[in-house]
Student: 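There's a structure below that I have some questions on.
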Amino acid sequence: MNEKLLKPYNPKETEARIYKQWEESGYFNPDKLPERHKEAFSMVLPPPNVTGILHMGSALMLAVQDIIIRFERMRGKKTLWIPGTDHASIATETRFIKEKKISKRDFTEKRDEFVELVNDYALSNQKVIIEQMRTMGASLDWSRAAYTLDNERKTAVTEAFIKMYESELIYMGKGKIVNWDVKGQTVVSDDEIEYESVKTPLYTFRYSKDFPLPISSTRPETKVGDTAVAVHPDDERYRQFIGKTFKINFVDTELNIKIIADPSVEPDFGTGALGVTPAHSKIDEDIASRHNLESVQIIDELGRMNEKAGSLKGKKILEAREIVVQYLKDNSLLEKEEVVDQNKPKAQRSGGIIEELPKRHQFFVNVNKPIKERGGKTLKELMRESVTSGKIKILPERFEKIYLNWIDNLRDWSISRQIWYGHQLPVWYKYPAPTDDSTDFFKVSKIKPEGSGWKQFEDTLDTWFSSGLWSFSTLGWPEKTEDFKNYHPTNVLETAYDILFFWVARMILMSQFLIGDVPFRTVYLHGLVRDEKNRKISKSLGNNIDPAEMIKQFGADAMRMAMVIGTSPGNDSKISTDKFKAYKHFANKIWNVSRFVLTNSEEIDYSNKVTLSTEDREYVEEFEKIIDDITDDMDNFKFYMAAEKLYHYFWHSFADIIIEKSKEKIWNGTAEEKASAQWTIFHILERSLRALHPFMPFVTEEIWSMVPIKNKKMIIVESWANKKYDHKI
RNA sequence: GCGCGCUUAGCUCAGUUGGUUAGAGCACCUCGUUUACACCGAGGGGGUCAGGAGUUCGAAUCUCUUAGCGCGCACCA
């Protein structure tokens with residue numbers, strides 16, 4: 001009888017020691033697992049950002065994924081779970097600038113110096129995060145740890161970019177409209193925009209007194225960039241004007257407005273006439289390209305009117321709007337002013353206004369281009385088919401519909417960012433760049449091209465470009481490594497639903513094009529963790545529960561159970577300190593039950609037959625049935641269910657009934673009754689510890705070290721509790 | 001506009017293909033402490049399963065519908 005057992009369970013004294021034992025055992029590394037582990041099972045950890053400390057969402061994902069990997073390891077799989085961290089380009093750089101109160105302008109000629117500072121900052125954060133992942137008990141193979149910006153991953157990113165460029169999937173958009181984040185001073189993708197619904201005035205007016213048709217706009221200041229008015233071809237009201245061009249003076253700017261007919265115009269919306277601003281609206285850009293209209297940029301990258309805006313030059317957007325509205329009033333051009341609902345686009349990361357404007361030298365991924373190497377299918381089709389064919393299963397299923405809905409509306413992915421911390425594009429040009437964007441002024445290449453004067457493009461890649469390669473870049477791709485052969489496609493991708501498009505979809509895109517296969521078989525999505533008032537946990541609300549603090553107070557096992565129980569797939573979950581407390585009590589319950597069983601039973605030799613009483617046999621059979629159920633739940637990703645069943649069985653059947661009844665038999669029963677009862681409680685405890693291990697690895701490993709079983713190993717590599725996986729001890 | 005969810009006990013949520021008296025945790029109430037555990041045990045109260053209609057021998061579960069809440073995408077002249 002171990003003296004440790006006499007005191008209450010103390011996670012603090014136990015966890016770090018156990019984690020060290022696991023690491024020393026090498027069992028996190030599939031190459032060092034015992035013989036019986038043959039069939040490969042792999043997962044990649046969604047790499048946490050190196051922007052700061054671990055949050056509740058990461059704690060949830062670590063808990064769930066570690067449960068999966070420990071379960072499969074016990075079932076005899078050759079398990080690989082790859083850790084890593086994400087440089088999170090835009091997020092890290094923004095955070096660094098804010099925290100250190102640094103201005104990029106001070107580094108105008110010293111980009112390398114700046115990048116090095118950000119990198120130091122990132123790596124020091126990385127250490128903290130990695131340490132916290134360990135405290136969760138995560139059985140990650142640290143020998144294979146990756147960083148999205150390390151050398152191996154740089155090689156993968158460059159290779160991917162060049163391959164995509166050669167297949168004409170990556171192209172340079174020559175003055176194509178981008179989403180410009182005025183505050184963050186960078187281009188962002190469509191997915192990085194959030195919409196805020198606001199009330200805003202909609203003005204209905206004419207450019208000038210003699211202009212025949214009124215138009216409506218919430219942004220009259222952009223109308224100085226108009227080159228056409230579009231009407232529906234069947235609209236009787238305006239048919240007579242189609243094809244005519246009007247020369248007008250609008251707020252001191254000369255405009256040439258051509259009246260065009262385009263079926264995309266809704267006759268019933270507003271006046272049925274649409275002022276076309278080709279430089280500042282993607283829709284208008286499309287109309288303009290159909291009608292060969294001139295495009296005039298009138299807003300600059302600082303969010304001000306430029307020299308093409310005449311007297312408005314230099315004015316901020318809102319100032320310009322006021323001036324224009326005043327002009328309309330002064331000249332009796334304003335016909336109507338009404339308040340309408342509008343979705344105002346904002347940059348998700350910086351919170352800044354998004355302006356649509358044309359920008360040169362920006363790169364895009366074409367999602368509609370047929371790919372020769374992939375049977376003429378487009379990226380969009382490949383992404384779609386991966387799921388519709390059933391090759392990838394998304395759980396819960398409703399997210400498959402959400403995914404497909406997103407694919408159907410997908411536009412080309414803009415991948416250039418005006419951020420310094422990240423993967424610089426492998427694209428070179430002769431300085432200075434030509435002004436006319438002639439087709440071959442740049443070269444795509446791993447290294448600087450021969451000859452003098454070559455300069456690398458300043459821009460870096462969208463951080464999700466490197467994350468998209470994660471399922472195979474972590475396995476050594478583009479090298480043909482053993483790891484890649486053995487572990488790709490990975491089995492399960494477990495992540496939060498809010499990065500389904502950002503990450504999951506991009507991984508499918510990259511893998512389908514570069515590998516010709518899916519990156520994983522099953523996508524299991526968990527929800528967001530919210531506080532007890534159902535608010536999203538965030539720094540600004542100050543409602544952040546620090547996982548590290550919870551682990552200190554209640555132990556990692558309690559933390560894991562609290563994260564998992566009550567958390568159904570794809571649904572947001574609520575967390576409160578009460579929940580941690582409840583499972584801390586449970587850890588102690590397991591401890592106390594073990595103390596009782598181990599002091600009241602002896603070493604079990606499973607080769608010796610014990611004749612069980614009818615009652616005890618029923619207990620054992622009932623237990624086996626429950627373990628079968630739990631195994632099913634695990635197979636179906638119902639971890640919340642499995643955990644709850646285990647909790648309930650262990651406490652309210654095993655402890656409250658079976659153990660209570662065994663006391664009488666052990667203390668006052670016949671020799672047969674005693675032996676039967678002892679065997680039963682020992683057997684159920686021993687099996688329960690195995691079943692509990694994926695969920696509560698520390699306390700079960702600690703107790704296992706005291707359980708008198710012949711030839712036992714650490715519980716982390718023992719067989720799963722299910723009879724099917726029973727092998728003689 | 002297109003699409004997807006949710007509404008079950010005071011709170012947080014389960015409830016698989018329709019099948020006895022609808023479950024759990026927390027909270028609450030009563031009783032109990034010399035021998036595994038008060039981080040405990042025994043017992044208890046509490047629900048028109050959002051409203052309505054239908055299918056069925058039978059509906060929390062399937063269909064339609066109303067209301068409220070939430071989410072994704074698109075539009076946003």
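The sequence lines fix the lettering, A, B, ..., with proteins before strands; numbering per chain opens at 1.
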Student: Summarise how protein sits on nucleotides 25-43 of chain B as a single string, 5' to 3': B when a protein heavy atom is under 4.0 Å from the base, S for sugar-phosphate-only contact, - for no contact.
Tutor: SS---------BB-BSSS-
Student: Could you work out, with salt bridge (charged side-chain N to carboxylate O under 4.0 Å, His left out) as the rule, every residue matching A:E221, not counting sequence neighbours?
Tutor: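 A:E221: salt bridge (charged side-chain N to carboxylate O under 4.0 Å, His left out) contacts with A:R219, A:R321.
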Student: Taking CD in A:E13 as the centre, count heavy atoms belonging to other residues, nucleotides or ligands within less than 6.0 Å. Is the count above 12?
Tutor: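 Not buried by this count: 12 neighbours or fewer within 6.0 Å.
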Student: P atom, B:U21 versus B:C2: distance in rounded Å?
Tutor: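 Those two atoms are separated by 42 Å.
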Student: With sequence neighbours excluded, tell me which residues meet salt bridge (charged side-chain N to carboxylate O under 4.0 Å, His left out) with A:K665.
Tutor: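 Residues passing salt bridge (charged side-chain N to carboxylate O under 4.0 Å, His left out) with A:K665: A:E615, A:D616.
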Student: If the condition is salt bridge (charged side-chain N to carboxylate O under 4.0 Å, His left out), which residues does A:E194 pass it with, not counting sequence neighbours?
Tutor: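 For A:E194, no residue satisfies salt bridge (charged side-chain N to carboxylate O under 4.0 Å, His left out) once neighbours in sequence are set aside.
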Student: Could you work out, with side chain to side chain contact (heavy atoms under 4.5 Å, CB included) as the rule, every residue matching A:L334, not counting sequence neighbours?
Tutor: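 Checked A:L334 against side chain to side chain contact (heavy atoms under 4.5 Å, CB included); matches are A:Y203, A:F205, A:L328, A:K329, A:E337.
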Student: Can you list every pair that meets side chain to side chain donor-acceptor pair (under 3.5 Å) and has a residue in residues 229-239 of chain A, with sequence neighbours left out?
Tutor: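 Found A:D235-A:R237.
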Student: Which atoms of nucleotides 75-77 of chain B (N or O only) lie under 3.5 Å from a protein N or O atom, and what are those distances?
Tutor:
residue : atom : partner : partner atom : Å
B:C75   : N3   : A:N343  : ND2          : 3.4
B:C75   : N4   : A:N343  : ND2          : 2.2
B:C76   : O2   : A:N343  : N            : 2.9
B:C76   : N3   : A:N343  : O            : 3.4
B:A77   : OP2  : A:T218  : OG1          : 3.0
B:A77   : O3'  : A:S216  : O            : 2.8
B:A77   : O3'  : A:S217  : N            : 3.0
B:A77   : O2'  : A:S216  : N            : 3.3
B:A77   : O2'  : A:S216  : O            : 2.2
B:A77   : N1   : A:E266  : N            : 3.2

Student: Please enumerate all residues that pass ring-ring contact (aromatic ring centres under 6.0 Å, His included) together with A:Y619, with sequence neighbours excluded.
Tutor: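 ring-ring contact (aromatic ring centres under 6.0 Å, His included) check on A:Y619 returns nothing, list empty.
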Student: So, using side-chain hydrogen bond (donor to acceptor under 3.5 Å, both in side chains) as the criterion, who are the partners of A:N256 when residues are at least two apart?
Tutor: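 So A:N256 forms a side-chain hydrogen bond (donor to acceptor under 3.5 Å, both in side chains) with A:K247.
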Student: Could you list the residues that satisfy side-chain hydrogen bond (donor to acceptor under 3.5 Å, both in side chains) with A:S189, not counting sequence neighbours?
Tutor: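 A:S189 satisfies side-chain hydrogen bond (donor to acceptor under 3.5 Å, both in side chains) with A:E192 only.
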Student: Take the protein atom CG of A:L410 and the nucleotide atom P of B:C73, then report the distance between them rounded to whole Å.
Tutor: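 So the two atoms are 12 Å apart, to the nearest Å.
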Student: I want to check one thing: is the phosphate of B:U12, taken as OP1 and OP2, less than 4.0 Å away from some side-chain N or O of A:Y640?
Tutor: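 No, outside the criterion.
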Student: Would you sketch RNA chain B in dot-bracket for me? Only Watson-Crick or G-U wobble pairs with both distances under 3.5 Å count, crossing pairs as [ ], other-strand pairs as |, the rest as dots.
Tutor: (((((((..((((.....[...)))).(((((.......))))).....(((((..]....))))))))))))....
Student: Name the atoms and distances for all side-chain donor-acceptor pairs under 3.5 Å in residues 640-655 of chain A, with sequence neighbours left out.
Tutor:
residue : atom : partner : partner atom : Å
A:K645  : NZ   : A:D633  : OD2          : 2.8
A:H652  : ND1  : A:D656  : OD2          : 2.9

